[in-house]
Amino acid sequence: MSNVSYNRVVKNNPRRAVIRYVAAVGAVFLITIFFRRIHVNNPTTVALTFLLTVLIVSTVWGLRVSVFMAVVATLAFNYYFLPPIGTFTIADPQNWVALFAFLVTAVIASQLSARARREALNANERRHDVERLYSFSQKLLTSDNVVELLNLLPRYIVDAFGVKAAAISLPDRGDVYRSTPDIGSLDAHDLQLVCSRGEPRIDSQKQLAFVPLRMGLRTVGSLGVSGSRLSPQTLDAMSSLIAIAIERVRAVENLSRTEAARESEQLRSVLLDSVTHEFRTPLTAIKASVTSLLSGSELAPEQKRELLTVINEESDRLNRLVGEAAEMAQLDANKVELKLGPHSIREALDAAIEGSRNILGTHPIEIRLPGDLPKVRMDEARIKEVLMQLLENAAKYSPADAPIQITGEVRNRQLMTSVSDRGAGIDDFEQALIFDKFYRGRNQRMTVQGTGMGLAIAKAIIEAHHGTIGVTSQLGHGSVFYFTLPVA
C-alpha cells in the first residue's frame, strides 16, 4: 500500500521539528539538574535514565530527534557525571568504555524504536488503505447500470480516498466522467493517452496520477486523481476494482438484455398460442352460423334468430378477447390512469354482479358485507372489472348451481373483499402461478374457455391501487380469492 516516512513528515513541518529538538535538549537539561541536586554518586543510574528518555523520545518523535538527544545526553553525561567532573576529559579508561557503550546503546535503541514506530505507522496506514478499499468495493456493488456507475464512481473515489478530484474515461465512450465540473489538471487528453499506452503516469510534485483500468491484460479505461499522494499499490488496487465493477455491470446488462429477449420471445409464443386457440372457437361458430344463413335453405324464424344470437354472442366474445389483450398491454406499460376517489365496495360489487349475470347463470350469490364498511380509495370501474373477473372465474370452475359467497372485513386500515367458490380447488404449486399472464389450470385447460389473462389483469389493477391480491385453496373444497384496498 503506502510507505509512511516519519522524516518526511518532519521535513514538511520544520517549526514542529525545531520545537521537538529544543524539547529534547530541555529534557536532558532537567535530568542533569535533577541528579546534580540529589548528588547521585552512581553514574550508571544517570546513564540508564538518559537511555530510557532517549527510548521514549524515539518512540514518540522518531529517529532523528532521538539520535540528537543521545549525542546531547552523552556530552552531558561526560561533563557532569564522569570524573574529572566539569570537563570533557575522561581520566579512567573504563569510563571511555562506559561512555562509548552508552552512546552506541542509545543510538541503536533509538533506531530500533524508530523502526518499530515506522512499521506500526505503516501497518496502520495499510490497514486504513484496506478499509478504504473495502468500503469503496462495497459502493461499487450498488449499481447495475454502466452509465449510472460511471457517473457515481468519481464521487465515490473522492469520498473514500480523500482526493481533490477524480475522472474516468472509457475508450468506447466519448464523455469524461468527473467528480465535479472543474477537475483542474485532469485533462481528457492525458486520460486517453494513458488508456492507449496502458502505462501509469504519476507526478508526485503536482499530486497527479493517471492509471489504466486493466481487466487482466485488457485495458478497459483510465482513471485520473489529483490532490493526494496515493501509493502506486493503492492506485493499482483501486483501478483493478473499478475495472472489475465496470465489467460486472456490463455483464449484468448483457444478461438482462438476453433474458428480456428470451422472455419476450416466450411471451410472444404463449400469447400467440393462447389467443389463436381462443379466437378459433368463436370464429368457427360465427362462420358456421353465417354459412347456414347464406346456404339458401329455408330456415324457420326461430332458427334464424338462434343463428343471429350465436353470431352476436361470439362477436362480443371476440371483442372481449381483443379488449383483454389490449388492457393487459396497457397495464404492463403502466399507461392506465386510475380515477381514484372514495367509493363503497358494495356499489362496485352490485355493478359487477349485474355485468356478469349471463355467466353466473343459476349460481346463487351470497353477499355478507357489514353495513358499516368504510369507503375505500379506488377507481370504481376498475374494481368492478376485478370483481367481475373473480365472479366469472368462480362460476367457470364451480359445479352448476353451486353457491358463490362474497364477504368483506376491515383489517389494519385495509378492506379485504373475498370471493369463495365450491370448485375443485387449486394445489399449492398452481397457487403460486395462478396470477401469471396466460397461465391456466393444468386440469381445466381443455374443458374451460379462457385466455389466462383475467387474473393477471385483476392483479395488475389491484397493485396499481397499492393493494394486494391472493388465493387460498384446498383440493376438493373450493377456493377463496381475496384482495385488499386502502380505506379512504
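- Between the Ser239 side chain and the Leu213 main chain, no donor and acceptor come within less than 3.5 Å of each other.
- The line from CE of Met69 to OH of Tyr21 is 13.0 Å long, rounded to the nearest 0.5 Å.
- Proximity of a side-chain donor or acceptor of Asn254 to a complementary backbone N or O of Arg250 within less than 3.5 Å is detected.
- Counting heavy atoms from C-beta outward, Leu191 and Val176 have side chains that approach closer than 4.5 Å.
- Judged purely by atom type and a 3.5 angstrom limit, Ser473 uses its side chain to pair as donor or acceptor with the backbone of Ile426.
- Expressed to the nearest 0.5 Å, how far OH of Tyr156 lies from CG of Leu149 amounts to 7.5 Å.
- The shortest heavy-atom contact between Tyr482 and Ser418 is CB-OG, 3.5 Å.
- Side-chain atoms of Thr32 and Tyr79, non-hydrogen and from C-beta on, never get closer than 4.5 Å to each other.
- Looking only at distances, a side-chain donor or acceptor of Asp421 sits under 3.5 Å from a matching main-chain atom of Ser479.
- You'll find the side chain of Leu223 reaches within 4.5 Å of the side chain of Ile242, heavy atoms only.
- Taking the charged nitrogens against the carboxylate oxygens, Lys375 and Glu347 have no contact shorter than 4.0 Å, which rules out a salt bridge.
- Nearest heavy-atom pair, Pro486 versus Gln414, reported as atom, atom and distance to 0.1 Å: N-OE1, 3.5 Å.
- The two atoms that bring Leu235 and Ala209 nearest to each other are CD1-CB, 3.6 Å, heavy atoms only.
- Side chains of Leu387 and Phe483 form a contact here, defined as non-hydrogen atoms less than 4.5 Å apart.
- Within the 4.5 Å cutoff, the side chain of Ile383 has heavy atoms near those of the Ile345 side chain.
- Across all their heavy atoms, Pro374 and Leu415 have their closest contact at O-CD2, 4.5 Å.
- Remark: the backbone N or O of Leu475 is paired with a side-chain donor or acceptor of His477 at under 3.5 angstrom.
- Taken from CG in Leu51 to CD1 in Ile56, the straight-line distance is 10.0 Å, to the nearest 0.5 Å.
- Pairs of residues two or more places apart, or lying in two chains, never qualify as ring-ring contact (aromatic ring centres under 6.0 Å, His included) while including a residue from residues 202-236.
- Arg382 places no side-chain N or O within 3.5 Å of a backbone atom of Glu380 that could act as its donor or acceptor partner.
- No side-chain heavy atom of Val225 sits less than 4.5 Å from a side-chain heavy atom of Phe161.
- Between the side chain of Thr484 and the backbone N or O of Thr468, at least one donor-acceptor pair lies under 3.5 Å.
- Interatomic distance, CG of Asp190 versus CG of Leu208, reported as 8.5 Å (0.5 Å rounding).
- Of all non-hydrogen atoms in Ser169 and Gln192, the two that sit nearest each other are OG-CG, 4.4 Å.
- For the pair Thr74/Phe50, no side-chain contact is recorded, criterion being any heavy-atom separation below 4.5 Å from C-beta on.
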- prompt: Does the pair Thr407 and Leu369 meet the rule for a side-chain contact (heavy atoms from CB on, under 4.5 Å), with working shown?
  reply: CA-CA 5 Å; Thr407 60; Leu369 297 178; 5.5 Å; no
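- For Arg413, the salt bridge (charged side-chain N to carboxylate O under 4.0 Å, His left out) test picks out no residue, with sequence neighbours left out.
- Of the candidates Val376, Val386, Leu485, Leu485 is the only one forming a side-chain contact (heavy atoms from CB on, under 4.5 Å) with His465.
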task: Apply the test side-chain contact (heavy atoms from CB on, under 4.5 Å) to residues Val480 and Val419: give CA-CA distance (whole Å), side-chain angles for both, the deciding distance (0.1 Å), then the verdict.
output: CA-CA 6 Å; Val480 179; Val419 178; over 6 Å; no
message: Before you tell me yes or no, could you show the steps for Lys384 and Gln389 under side-chain contact (heavy atoms from CB on, under 4.5 Å), namely the whole-Å CA-CA distance, both residues' side-chain angles and the distance that decides it to 0.1 Å?
response: CA-CA 9 Å; Lys384 169 194 169 184; Gln389 293 284 3; over 6 Å; no
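- Checking side-chain atoms of Asp379 against main-chain N and O of Ala381 turns up a donor-acceptor pair under 3.5 Å.
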- request: Could you walk me through whether Phe435 and Phe481 pass the side-chain contact (heavy atoms from CB on, under 4.5 Å) test, one step at a time?
  value: CA-CA 11 Å; Phe435 292 99; Phe481 286 85; 3.9 Å; yes
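- Evaluation of the side-chain contact (heavy atoms from CB on, under 4.5 Å) rule for Glu148 yields Ser143, Asn145, Leu152 as partners, not counting sequence neighbours.
- Distance check: Glu409 CD to Leu373 CG gives 9.5 Å after rounding to the nearest 0.5 Å.
- Note that OG of Ser226 is 8.5 Å distant from CD of Gln207, once rounded to the nearest 0.5 Å.
- Residues Met388 and Glu385 have side chains not in contact (no heavy-atom distance under 4.5 Å, counting atoms from C-beta outward).
- When all heavy atoms of Ala76 and Val28 are compared, the closest pair comes out as CB-CG1, 3.8 Å.
- Side-chain atoms of Ser344 come within 3.5 Å of backbone N or O of Arg346 as a donor-acceptor pair.
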